[in-house]
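One structure below.
Whatever order the structure lists ligands and atoms in, that order sets their numbers, starting from 1.
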Amino acid sequence: MNEKQLRAWAHTTPLEARFWSKVKIIDDDDSCWEFDGAHHPDGYGQFQWTPPGETKRRAVNASRVALYLATGKMPTIACHNCDNPPCCRPSHLYDGTHKTNGADKAARGRAPGKSNQRGEANDSATLTDAIVTEARRLGHQGVQQTAIAQQLGIERATLSYAITGKTWSHLNEVAPPVAPNRGGSKLTDDDVRTIRAEVAAGVPQKDLAARFNTSRATISNIVKRKVRGNVS
Ligand SMILES: [Zn+2]
């Protein structure tokens, strides 16, 4: 099922119809297609489904399901080119499961292409460049490490070292988040209140992203209370 068919709502199976009916499909070439159903607090969509090879229905990361429906292969992790966790647009996603992704990215000049025995070049590693990069992105967005570990299916301790740069320090596409694991966020509660108040007053979200040195997606998630919902 390609994007052209999706944009025309030409679903062929009940699963496709059920999944894509929960996605805000926009008929253009570049907009994010955000999941409109249940969300994890970190912003990822949650789709109730029994994945291939499993027997129990459970909440699955919607971006992974989107990639599965688009490619026929179930990725361990769906990484976002657009840094927007709820996005399910297939062309904004790539499979972070396999080493070839790191190679592809290096070829496109988006990641260091050095061959060495660190990170993915070491066969004993359970993480991939793509997983670490996605984990650090989530860290920048204020997502707690426990939630990231759960989201990506990686043991928390292993992931923690990678996120904070104790390991995978050679990977510099996304720098390790500042002040890691201190409640999982570098924005204070007052920052969060300021952001919500200013957006309500009409300040553009991209301006706030620049001022608070964070991503536009983070600002959006804060405003929509997909993250930091505990701050009143
Ligand atoms: Zn997107």
Should E34 and K22 count as an ion pair when the cut-off is N to O under 4.0 Å?
no

Distance-only, no hydrogens or angles: does the R58 side chain make a donor-acceptor pair with backbone N or O of F47 under 3.5 Å?
no

Can a donor-acceptor pair be found, under 3.5 Å and without considering hydrogens, that links the side chain of H92 to the backbone of D30?
yes

Of the N, O or S atoms in H92, the one nearest the Zn ion (ligand 1):
ND1

To the nearest 10 degrees, how large is the angle at the Zn ion (ligand 1) between C87 SG and C82 SG?
110°

Any luck finding a side-chain donor-acceptor pair between R216 and Q205 under 3.5 Å?
yes

Would you say the Zn ion (ligand 1) has C88 as a near neighbour, meaning an N/O/S atom of that residue under 2.8 Å away?
no

